Q: 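Sharing a structure below in structure tokens format, with a few things to ask.
Protein chains get the first letters and strands the later ones, always in sequence-line order, with residue 1 at the start of each. Fair warning: this is a prediction, and the values are worked out from it, not measured in the lab.
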Amino acid sequence: MITTRPRGTNDILPSESHKWQHITQQIHDICALYGFRQISTPAFEHTELFHRGVGEGTDIVQKETYTFEDRGGRSLTLRAEGTAPTARAYLENGLHAAAQPTKLYYIEPIFRFERPQAGRYRQHHQFGVEVFGAADPAVDVEVIALALDFLGRFGLDGLTVRLNSVGCPTCRESYRARLVEHFLPCVEQLCPDCRSRIERNPLRLLDCKEEGCRRLKERAPHMLDSLCGPCREHFVRLRGHLDALGIRYEVDHHIVRGLDYYTRTVFEIIYPGLGAQDAVCGGGRYDGLIETLGGEPTPGVGFGMGLERLILTLEDHGYEFPGPRRLDVFLAAVGQEALARCVVLLAELRRRGVAADTEYTGRGLRKQMKHADRLGARFVAIVGEEELATGRCVVRDMGTGTQEDIALEELAGYIQERCGRAGL
RNA sequence: GUGGGCGUAGCUCAGGUGGUUAGAGCGUCAGGUUGUGGCCCUGAAGGUCGCGGGUUCAAGUCCCGUCGCUCACCCCA
């Protein structure tokens, strides 16, 4: 028997699933409020999509994808992030032909081959939003505001918004040159990783945490100082909107994000209680992505939020999830005849919207009471030979211990009324 | 890919320097109470001590290897 799950994956057990239900309910709710509609994409895509969309040189593509060949010889890759597949679906299904912008959200598993640790898994879940077809910084702000509004619903405080701009391909090129100019004279002081980064992707030098590199990047030129006119204006207006909404943020010159498609706005939302995995949410603008995938030039902006990390954050914060729905009534069935009657009663109770269950394993009444207690049942109705004969049964209120004598015919209606259920 | 910690019952964990039949709490099942939950009492079931090899008269315990889990680094949600 195989008794272990693959590394870095998790079972979501009944004792946990109410948390997920609660969170996803809140997601659907807030997205409707902001005018976003849900999209679901396949668990795997053509490998090419991630290579082109996310970027050949990124860590995700270079070492973190789950890539396999199907029986037809096609190279496929499990969804490694949410934006490229959403962009692909947007293009493929002609959503650009409808009224713009297109505002989408998703809740999907993400797969990345990494060494697991607290807050990082090989399969995790992300809630993400994407807006296609609107370049105005007001949309960037809407996306950030949605994320904060959502997190605020759980009473979270201590969150930090970090903000930066990575410019457009044009101004980034000149910035790249300035960076190389800054780091090149002191290559020997850089860590081995960064020495190779200087040629491949100098921007990534900025988020290296090695001591030596850290000190060098303190004096490195800031991207913001290299922005071209339009990019600078975008950032200024973005900050204006954030200020108008009273959203507090820190400009962090070292945020560059690990995916190639970002342009202009990049941001992260940090919860410091999570150690190295403190980014609960990360996102930004990606005005070149759709074009990269073969579409007409189309601006886009969005974020991804790790739900496992969100749950860790909430637990760290002492958030109390609403409990699962409890049983309204447990039918204690004593004997086969009684069980037969209870099967019918159950159907009627449930038709009336009453959460009901009964005893299927033939235990004695005492055990059934104990069982009902642990299920959290509000009432227990005792149905045995005596009740079948008289047509009346005992209904016990498990909270107060008081009991009433109710006709079997009226049981369902009685429980429905006592529990205030609307019926179907 | 690199480093630390840990693998004993369904769960949480005890098991100095090797020594008979491997324990506890919780949970499960049964009974005390043959028709009444929470508290209490009794009993039972449940173990390849992660796996493989080695040392030894003797290994859960010591050694080597291996697998798994976990935490951290890198990077990310």
Side-chain angles (χ1 to χ4, degrees), chain A residues 1-10 13 15 54 58-64 79-83 107-128 147 151 191-194 197 201 204 207-211 213 255-259 267-271 274-283 302-313 327 330 332-335 338 359 361-387 393-403:
Chain A
M1 185 164 55
I2 297 172
T3 56
T4 54
R5 59 188 185 268
R7 181 162 215 203
T9 63
N10 290 297
L13 300 173
S15 55
V54 177
T58 59
D59 280 6
I60 288 182
V61 165
Q62 281 199 334
K63 56 182 196 188
E64 295 177 6
R79 176 173 37 236
E81 58 94 50
T83 300
I107 303 167
E108 302 280 12
I110 305 284
F111 305 89
R112 287 184 202 162
F113 189 84
E114 303 178 272
R115 290 287 289 267
Q117 60 182 282
R120 183 164 69 215
Y121 311 102
R122 290 186 171 180
Q123 175 177 347
H124 73 279
H125 297 78
Q126 284 188 24
F127 154 44
L151 295 168
C191 70
D193 277 348
C194 284
R197 279 178 184 145
N201 192 350
R204 296 222 60 85
D207 58 15
C208 183
K209 292 176 180 74
E210 292 288 327
E211 187 52 34
C213 311
I255 298 181
V256 293
R257 316 281 310 143
L259 298 84
F267 70 93
E268 293 176 353
I269 300 177
I270 306 298
Y271 181 74
L274 296 183
Q277 279 67 243
D278 58 357
V280 175
C281 177
F303 68 70
M305 187 182 294
L307 296 185
E308 281 81 357
R309 281 185 193 178
L310 173 61
I311 289 177
L312 287 175
T313 299
L327 212 53
F330 183 84
V334 184
E359 167 64 26
T361 65
R363 283 177 288 211
L365 183 61
R366 178 179 145 79
K367 298 296 176 189
Q368 294 193 43
M369 295 301 290
K370 195 178 168 80
H371 185 57
D373 185 44
R374 259 192 303 220
L375 292 177
R378 293 166 68 176
F379 295 96
V380 171
I382 298 167
V383 182
E385 280 177 36
E386 197 180 303
E387 287 75 12
C393 71
V394 170
V395 176
R396 181 178 178 88
D397 182 324
M398 296 296 275
T400 64
T402 56
Q403 304 196 154

Q: When you get a sec, tell me which of A30(B), G38(B), A77(B) is the closest nucleotide to the side chain of Lys370(A)?
A: G38(B)
Q: Report the distance from atom CD1 of Ile255(A) to atom P of A77(B), rounded to the nearest whole Å.
A: 11 Å
Q: Tell me: CG of Leu327(A) to P of G37(B), nearest whole Å?
A: 18 Å
Q: Backbone N or O of Thr83(A) within a donor-acceptor pair of the Glu81(A) side chain at under 3.5 Å?
A: yes
Q: Over how many whole Å does the gap from Glu308(A) atom CD to A77(B) atom P extend?
A: 14 Å
Q: Test your reading of the model: is there a side-chain donor-acceptor pair from Gln62(A) to the backbone of Glu64(A), 3.5 Å cut-off?
A: no
Q: Record whether the side chain of Glu387(A) comes under 3.5 Å of the base of G35(B) through a donor-acceptor pair of N or O atoms.
A: yes
Q: Do Arg122(A) side-chain atoms and Glu114(A) backbone N/O form a donor-acceptor pair below 3.5 Å?
A: yes
Q: Heavy-atom nearest nucleotide on RNA chain B for Lys63(A) versus Thr400(A): which residue maps closer to 5'?
A: Thr400(A)
Q: Taking donor-acceptor contacts at under 3.5 Å, does the side chain of Gln368(A) reach the base of U36(B)?
A: no
Q: Let's see if you can work this out: which of U36(B), C71(B), U70(B) has an atom nearest to the side-chain heavy atoms of Ala118(A)?
A: C71(B)
Q: If you measure from the P atom in U8(B) to the same atom in C51(B), how many Å do you get, rounded?
A: 10 Å
Q: Name the nucleic acid region contacted by Gly401(A), choosing base, sugar-phosphate or nothing; use a 4.0 angstrom heavy-atom cut-off, strictly under.
A: base
Q: Given C29(B), U36(B), A72(B), identify the nucleotide with an atom nearest to the side chain of Arg396(A).
A: U36(B)
Q: Can you give the dot-bracket line for RNA chain B, where a pair is Watson-Crick or G-U wobble with both atom distances under 3.5 Å, crossing pairs use [ ], and | marks a partner on another strand?
A: (((((((..((((.....[...)))).(((((.......))))).....(((((..]....))))))))))))....
Q: Would the distance check show the side chain of Gln368(A) and the main-chain N or O of Ala333(A) forming a donor-acceptor pair, the cut-off being under 3.5 Å?
A: yes
Q: Kindly compute the distance separating CZ (Arg363(A)) from NZ (Lys370(A)), expressed to the nearest 0.5 Å.
A: 11.0 Å
Q: Looking across every strand, which nucleic acid part, if any, lies under 4.0 Å from Glu114(A) by heavy atom: base, sugar-phosphate, or nothing?
A: base
Q: Any idea which of G37(B), A77(B), G3(B) is nearest the Ala279(A) side chain?
A: A77(B)
Q: Let's see if you can work this out: which of C73(B), C69(B), A77(B) has an atom nearest to the side-chain heavy atoms of Arg115(A)?
A: C73(B)
Q: Within the side chain of Arg79(A), is there an N or O that forms a donor-acceptor pair under 3.5 Å with the backbone of Pro109(A)?
A: yes
Q: side-chain contact (heavy atoms from CB on, under 4.5 Å) for Phe330(A) and Leu375(A)? Distances and angles first, verdict last.
A: CA-CA 9 Å; Phe330(A) 183 84; Leu375(A) 292 177; 3.9 Å; yes
Q: Rounded to whole angstrom units, what separation is found between the CZ atom of Phe330(A) and the C1' atom of G38(B)?
A: 16 Å
Q: Side chain of Ile382(A): nearest nucleotide among A30(B), U36(B), A72(B)?
A: U36(B)
Q: Are the side chain of Gln277(A) and the backbone of Ala118(A) linked by a donor-acceptor contact shorter than 3.5 Å?
A: yes
Q: Below 3.5 Å, does any donor atom in the side chain of Arg309(A) face an acceptor in the base of C76(B), or the other way round?
A: yes
Q: What nucleotide, of C76(B), A77(B), G32(B), holds the atom closest to the side chain of Arg366(A)?
A: G32(B)
Q: Here's a test of your reading of the structure: between Val383(A) and Arg374(A), which maps to the more 5' nucleotide of RNA chain B?
A: Arg374(A)
Q: Compute both the distance and the angle, then confirm whether Arg309(A) meets the cation-pi test with Tyr271(A): under 6.0 Å from the six-membered ring centre, within 45 degrees of the axis.
A: no
Q: Do His125(A) and Glu108(A) have side chains that get closer than 4.5 Å, going by heavy atoms?
A: no
Q: For Gln403(A), look at atom CD and say whether over 12 heavy atoms of other residues, nucleotides or ligands are found less than 6.0 Å away.
A: yes
Q: Assign a letter to each nucleotide of nucleotides 44-50 of chain B from its 5' end: B, base within under 4.0 Å of a protein heavy atom; S, sugar-phosphate only; -, no contact.
A: -------
Q: Starting at atom NE2 of His124(A), determine the distance to atom P of C76(B), rounded to an integer number of angstrom.
A: 13 Å
Q: Please give, in whole Å, the distance from G35(B) P to Lys367(A) NZ?
A: 13 Å
Q: Measure from CG on Asp59(A) to P on C76(B) and round the result to the nearest Å.
A: 6 Å
Q: Which whole-number value in Å describes the distance from Gln117(A) CD to C6(B) C1'?
A: 17 Å
